[in-house]
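All values below were derived from every heavy atom in this structure, side-chain atoms included, with hydrogens, water molecules and symmetry-related copies excluded.
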Amino acid sequence: MENDNGENPTKVNKYACACAIVASMISIIFGYDTGVMSGAMIYVKKEFQINDAKTEILAGILNLCALVGSLCAGRTSDKIGRRNTIMVASVIFMIGSILMGYGPSYIALLVGRCIAGVGVGFALMIAPVYSAEVSSPSSRGFLTSLPEIGISIGILLGYFSNYIFSRLYLELGWRIMLGIAAIPSLFLAIGILKMPESPRWLIMQGRVGEAKKILYKVSNSPQEAEIRLRDIKEAVGIDENCTDDIVKVPESAQTHAVWKELLLKPTPTLRWILIAGVGIHFFEHATGIEAVILYSHKIFAKAGVHDTRKQILATVGVGLTKFTFIVLSTFLIDRVGRRKLLLTSLSGMVVTLAGLGFFLTIAENSGGTLIWALVLSIVTTYAVVIFFNIGLGPVTWVYSSEIFPLRYRALGAGIGVAVNRLMNATVSMSFLSISEAITTGGAFFMFAGVSLVALIFFYFMCPETKGKSLEEMESVFTKGKSSENFNK
């Protein structure tokens, strides 16, 4: 059954799905690095005898460098294309992984993390954008969520790697944990060449004939492909009746002035989109999820789990929980909608983060002797992961990759990811110090407060985008036309 846009809302195009899956492979590699570093840090700290400050730097430096990578990725993807940018990300990450696996010193390990971080910045910006641009409106939420599923799979694999390779002797185990990520990076860099380019990017270059062929492959019907082609041509400024394979793109569609238009002189609609896109990335990590993912072994230690291998095993449970609920969210996002999942997610996080802070405070004050406090600390840790991954985690990447107009999409997504990585680095590089200053429980009370602010922000600033084409997003954020999207 097709709708007025020629789509079958219950069908996911297999070719578009395959494209999104391949693009998401880079996210698996990044997720692996995040997960594996959680356990590898324990052994790195033992070998190099580094303090908590250096441990925080090692954990967070990747995200600071990812900030640089994400800002560069927007311009790069507009110049060389979305597909080639994914290949660049793979190569950069592979080089960083090799250096981390070699790791003869703390400084060398830090340099490897920096290089890998630039690759991560490229990957986090480009994978959701590419997936969004090949997807139909009816399945865009599902396909654009795949990079987030990839991150979850990668984190889980990283946790398993920690557990498996922790049996090896100290100097070898953590190096294999970190260096093995270079292998899938190499295969992805080669395999990415089999993917088609984003049809929207091709039209921005005037290559309409190529884009049309790809749209027919990634659409559910010829009618849908023609509608999508028409809408994109209109957005770029090409006459919809033009049938030439190669056309000259109007000067107004070129991207050389987008920085000025987006950041210095935005229209009211564009300003709203920018605030929503950057805000959702800010709150994704300001609410403290990185503290739970990266330092879960520390949380369990504070709760009373003192055996290192048991701590690592407990973090595997965190990874399994994250993966399970991110998959569930992926199937809900196009049915329930972005807004409802966001509000449900943040409501749950406010309660569970406050609960985690409360139970950890009791556990810490008892010296880890109260079994019920230990158990409830672990349960609420998992509950935070559940609520984050049912909404805020996946919706952040879907929402920010779909709301920017085509002309500003790469830049807007790049700025959003830069803010995302900045907040990730801020949390990962300060959590141990904050915990030392106000206790671990106190840190999670703080995150609960931030989550409450985030809930208010999303309620007033993020209208529903479910079922809208990428070319309709400006009308969704235009005052007077958006009220119905806040009531969905």
Side-chain angles (χ1 to χ4, degrees), residues 30-66 96-117 120 154-155 157-181 288-319 360 364 368 381 424-437 439-440 443:
F30 160 60
Y32 174 86
D33 182 83
T34 299
V36 82
M37 183 53 72
S38 174
M41 281 193 301
I42 299 173
Y43 304 103
V44 171
K45 188 173 183 178
K46 286 181 181 179
E47 179 171 343
F48 294 131
Q49 297 295 303
I50 57 177
N51 56 28
D52 279 351
K54 287 187 175 181
T55 302
E56 286 180 326
I57 292 172
L58 184 64
I61 196 70
L62 179 139
N63 291 299
L64 287 179
C65 295
S97 297
I98 291 172
L99 187 53
M100 285 192 291
Y102 175 54
S105 66
Y106 174 76
I107 295 299
L109 184 58
L110 209 58
V111 172
R113 289 280 284 171
C114 286
I115 295 172
V120 165
I155 288 174
L157 291 174
Y159 287 159
F160 276 121
S161 178
N162 287 154
Y163 190 69
I164 293 168
F165 294 119
S166 64
R167 297 176 182 273
L168 301 176
Y169 65 89
L170 178 64
E171 290 78 7
L172 180 62
W174 68 264
R175 287 181 169 85
I176 293 179
M177 293 177 193
L178 297 176
I180 201 170
I289 190 61
E290 193 67 11
V292 176
I293 298 298
L294 194 58
Y295 295 109
S296 52
H297 61 282
K298 288 272 188 182
I299 295 170
F300 297 139
K302 291 289 185 181
V305 181
H306 300 299
D307 181 83
T308 299
R309 283 181 62 78
K310 287 182 179 179
Q311 291 172 10
I312 291 176
L313 187 59
T315 63
V316 173
V318 171
L360 276 177
E364 284 186 87
T381 298
N424 188 305
T426 300
V427 172
S428 59
M429 296 176 76
S430 65
F431 178 70
L432 295 181
S433 300
I434 292 173
S435 297
E436 187 70 26
T439 74
T440 305

| S435 side chain vs F431 backbone, donor-acceptor pair below 3.5 Å | yes

| task | Starting from the C-alpha separation in whole Å, work towards a yes-or-no answer on side-chain contact (heavy atoms from CB on, under 4.5 Å) for D33 and M100. | result | CA-CA 10 Å; D33 182 83; M100 285 192 291; 3.3 Å; yes

| query | Considering all heavy atoms of both residues, which atom of A443 and which atom of I434 are nearest to each other, and what is their separation? | reply | CB-CG2, 3.9 Å

| Taking all non-hydrogen atoms of both residues, which atom of S161 and which atom of V36 are closest, and how far apart? | OG-CG2, 3.9 Å

| said: If I take atom CG from residue N162 and atom OH from residue Y43, how far apart are they, to the nearest 0.5 angstrom? | reply: 7.5 Å

| query | Going from CH2 on W174 to CE on M177, what distance comes out if it is rounded to the nearest 0.5 angstrom? | reply | 10.0 Å

| Are the side chain of Y106 and the backbone of K45 linked by a donor-acceptor contact shorter than 3.5 Å? | no

| query | What distance separates L58 CG from M429 CE, expressed to the nearest 0.5 Å? | reply | 9.5 Å

| task | State, yes or no, whether a side-chain contact exists between L178 and L109 at a heavy-atom distance under 4.5 Å. | result | yes

| said: I need the I115 CD1 to I98 CD1 distance, nearest 0.5 Å. | reply: 10.0 Å

| note | dist T439:OG1 -> E364:CD (nearest 0.5 Å) comes out at 5.5 Å

| task | Kindly give the heavy-atom pair with the smallest separation between L62 and A116, and that separation in Å. | result | CD1-CB, 4.3 Å

| So which heavy atom on S97 is nearest to which on A181, and how close? | OG-CB, 3.7 Å

| Closest contact, heavy atoms only, G101 versus R175 | O-CB, 3.2 Å

| query | Within a reach of under 6.0 Å around NZ of K54, are more than 12 heavy atoms found that belong to other residues, nucleotides or ligands? | reply | no

| query | Atom OG1 of T426 and atom CG of L64: how far apart are they, to the nearest 0.5 Å? | reply | 7.0 Å

